[in-house]
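Read through the structure below, which is laid out as structure tokens, and then see the notes.
Chain identifiers are assigned alphabetically (A, B, ...) following the order of the sequence lines, protein sequences preceding nucleic acid strands; residue numbering begins at 1 within each chain. The figures that follow rest on heavy atoms only: side chains count, while hydrogens, waters and symmetry mates do not. Just so it is clear, the structure is predicted and the values come from calculations on it, not from any experiment.
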Amino acid sequence: MTQPFLAGLNPEQLEAATLPHQSALILAGAGSGKTRVLTTRIAHLIQTGQASPAGILAVTFTNKAAKEMLTRLGAMLPINTRGMWIGTFHGLCNRLLRAHHREAGLPALFQILDSADQLGAIKRLLKALNVDDEKYPPKQLQHFINNTKDQGLRAKDVEAHDPYTRKQQELFAAYDEQCQREGVVDFAELLLRSYELLSRDASLRAHYQSRFRHILVDEFQDTNRLQYLWLKQLAGPDAAVFAVGDDDQSIYAFRGARVGNMQDFERDFGVDKVIKLEQNYRSHGNILDAANALIAHNRGRLGKNLWTAESTGEPIRLYEAANDQEEAQFIVDEAKALKREGIEFAHIALLYRSNAQSRVLEHALFNAGIPYRVHGGLRFFERQEIKHALAYLRLIGNTDDDGALLRVINFPARGIGARSLEQLQEIARQNQSSLWQAAKSGQLGGKAGTSIGSFLELIRAMQDTCEGLPLPEQIEHMLAQSGLLAHYQAEKDGADRVDNLNELVNAAVGFVNEIEDDSLVAFLTHAALEAGEHQAGEGSDALQLMTVHAAKGLEFHAVFLSGLEEGLFPHDNARNEADGVEEERRLMYVAITRARRRLYLSLAQSRMLHGQFRYGLASRFLNEIPENLLKRINPAPKAYYAPEKTTWAPQPTPAGSPAAYSRDSSSPWHVGQNVAHAKFGSGVIVNCEGSGADARVQVKFRNAGVKWLALEYAKLTPA
DNA sequence: ACTACGAGACTTTTT
DNA sequence: GTCTCGTAGT
């Protein structure tokens, strides 16, 4: 039997992919071909007859990773991957719970709450119980609930030694009851429920244990306690668990990931095979050397050293700017230069530690006319208008979904105000029923009773209309009947929202074509579990902007890593946490190893953050990269930057360029000067740089925004 | 029922 | 600086 897909693997990759039936831990460094090994192993198991497609369970963290795996697998083997259990932890748990909803104590059509829905549910709970949300902030309670569940624990399992924790515990229990009553399940609950189901039901457990004799886990370092427990329940005595991970890339401890699971795994699963994938196929030598040197400062690593067959390549460029705007300008200029060298913008990434940093970069890119795409941000299914539409769909499926009902009972406005709702909620409380049941009971009189009654009729009418229709048509009718579409069409800035609502119909068409299940619940589940990147600018040649977290798993020809200052990276908040700095260092390691050929590191001596100036020292991580790998690029002499109406603090003069921040007296233009431009109108100079033919000024126009202008060409007049 | 204004947040985030 | 949220006012 030929297995062409095994060709080209290095010895370690080959060994891992063809390992006999036993549990194993694969330490896969950045860029070492981990996804390839995972998919190749699955293909190998199937083709050699060691496993049938149905006998394999492969679990990832993101939908993207799961999709990637399925695509690659489909290319290797002529099999239908559809029935295979390859997916995210949440996706697989959902599948399990749908199949055994009765045993799990859930309604057949249970809905999934995303984080925002969950927060809403908690706020509602606090209000119903008359709890002071100042004393028990909803966000904090949400955190408490999710954290506890992620440990595999329920409210009753919490050890409360103080009144405050006891109250949280009590609210946690009440929250779970509320969810149960409404037939909804949050993300953590998906996992906890299916874990409890497997632990409780021996025959069900035996069934799945004998079915899945091969379990493969991606990004093992990111698993939390509960996910680990879940895996342990699913893995029977003859299961071989193939865990792939990299302790150096563990950057999600803040949300419960436990690197310790890797050591536990070796012990609990009797692992005697640990394979290290250390050959990196991505980066040039200098970049890897920098990454290795940096990560060596962490203690308690499992130990791994990346190497490459590639040449050393270019040095890592380090740039220290006077301020954040200058840093952004440097990045813009270099990106342009790279583009001239033939590197596409799409292969260049601008990375930062926190989202707040993107604004200055975007601003500079916008002024330079460079196309860019920001990753992360509002997802399609999280938009307000989409949430509203989904709430109607949820109500069609399950009228007891109080969260959904409250969201749309008065949207578009139907004269059901806060007062009517309070009455309704009071009745529901007394009857121990859902809001829908309360409304139906006829205990509401007067105007409130009538308007709420007609809302009930509206939903019932929708249910009737939708009965038996294909999903996309159901959505179209709902949009019209609910008045949502009309509402946004009438709104003056509603065009985008209308587009999105129509896009929702398209999404349903795509969904129905792709998935065999075209039920409403399946679509709603899809919406909750795959909020979707679904953003503009895809496919075009645009610079890629994202946080370092979001860059994990990706690679780029050139990477700019900005904001390398103490307090930002490592972040201030990380310094107080146990092992906080080590996690930040791993984050830095992830950032560095994204670069294939060229890496820029930059920092600013001062930057605007949260509305005020902040002066940071160079990040400690810069000192952990050997000097011989670095090439320092010195800033060209610049005029100082003085923000309008801000008390300007003198900036430290960097060594080696004493004149860098003094005013250029030879230029007739200066910061703060009022000027006029033929096309853009009047404005004020906010920045100057260069001299002679290269002289440029940045002008903030009253009506035309902020623009950089070359003095040689732009006709500016003092005003 | 809609708007406007002030207060407070604000690391990272997938599901 | 900018966004969200909640409340008070029209």
Pairs under 3.5 Å (N/O, protein and nucleotides 8-14 of chain B):
from: B/dT11; atom 1: O4'; to: A/His571; atom 2: NE2; distance (Å): 3.1
from: B/dT11; atom 1: O2; to: A/Arg353; atom 2: NH1; distance (Å): 2.8
from: B/dT11; atom 1: O2; to: A/Arg353; atom 2: NH2; distance (Å): 2.6
from: B/dT11; atom 1: O4; to: A/Glu577; atom 2: OE2; distance (Å): 2.8
from: B/dT12; atom 1: OP1; to: A/Asn355; atom 2: N; distance (Å): 2.6
from: B/dT12; atom 1: OP1; to: A/Asn355; atom 2: ND2; distance (Å): 3.1
from: B/dT12; atom 1: O4'; to: A/Arg353; atom 2: NH2; distance (Å): 2.9
from: B/dT12; atom 1: O2; to: A/Arg353; atom 2: NH2; distance (Å): 2.6
from: B/dT13; atom 1: OP1; to: A/Thr547; atom 2: OG1; distance (Å): 2.6
from: B/dT13; atom 1: OP2; to: A/Asn355; atom 2: ND2; distance (Å): 3.4

Item to complete: Under 4.0 Å from any heavy atom of chain A: name the first and the last nucleotide of DNA chain C that qualifies, 5' to 3'.
Response: C/dG1 to C/dG6
Worksheet item: Hey, is A/Arg575 close enough to A/Glu584 for a salt bridge, meaning N to O under 4.0 Å?
Response: no
Discussion item. Under a 4.0 Å threshold between the charged nitrogen and the carboxylate oxygen, would A/Asp133 count as salt-bridged to A/Lys123?
Written reply: no
Worksheet item: Do A/Arg383 and A/Asp496 meet the salt-bridge criterion of a basic N to acidic O distance under 4.0 Å?
Response: no
Worksheet item: Quick one: do the A/Asp186 and A/Tyr175 side chains pair a donor with an acceptor below 3.5 Å?
Response: yes
Worksheet item: Does the pair A/Asp114/A/Arg379 count as a salt bridge with the N-to-O cut at 4.0 Å?
Response: no
Discussion item. So A/Leu351, base contact, sugar-phosphate only, or nothing? Heavy-atom distance under 4.0 Å.
Written reply: nothing
Item to complete: Please determine which of A/Ile251, A/Leu564, A/Val548, A/Ile295 meets the side chain to side chain contact (heavy atoms under 4.5 Å, CB included) test together with A/Met588.
Response: A/Leu564
Worksheet item: Between A/Glu189 and A/Arg154, is there a side-chain N and carboxylate O pair less than 4.0 Å apart?
Response: yes
Worksheet, complete the sentence: Closest non-hydrogen contact found for A/Arg586 with A/Ser250 is NE-O, 2.6 Å
Practice prompt. Using whole Å, report how far CG of A/Leu524 lies from P of B/dT15.
Written response: 17 Å
Discussion item. What's A/Asp186 touching, base or sugar-phosphate or nothing? Going by heavy atoms closer than 4.0 Å.
Written reply: nothing
Worksheet item: Taking the nucleotide of DNA chain B with the closest heavy atom to each, which residue, A/Ala413 or A/Phe89, is nearer the 5' end?
Response: A/Ala413
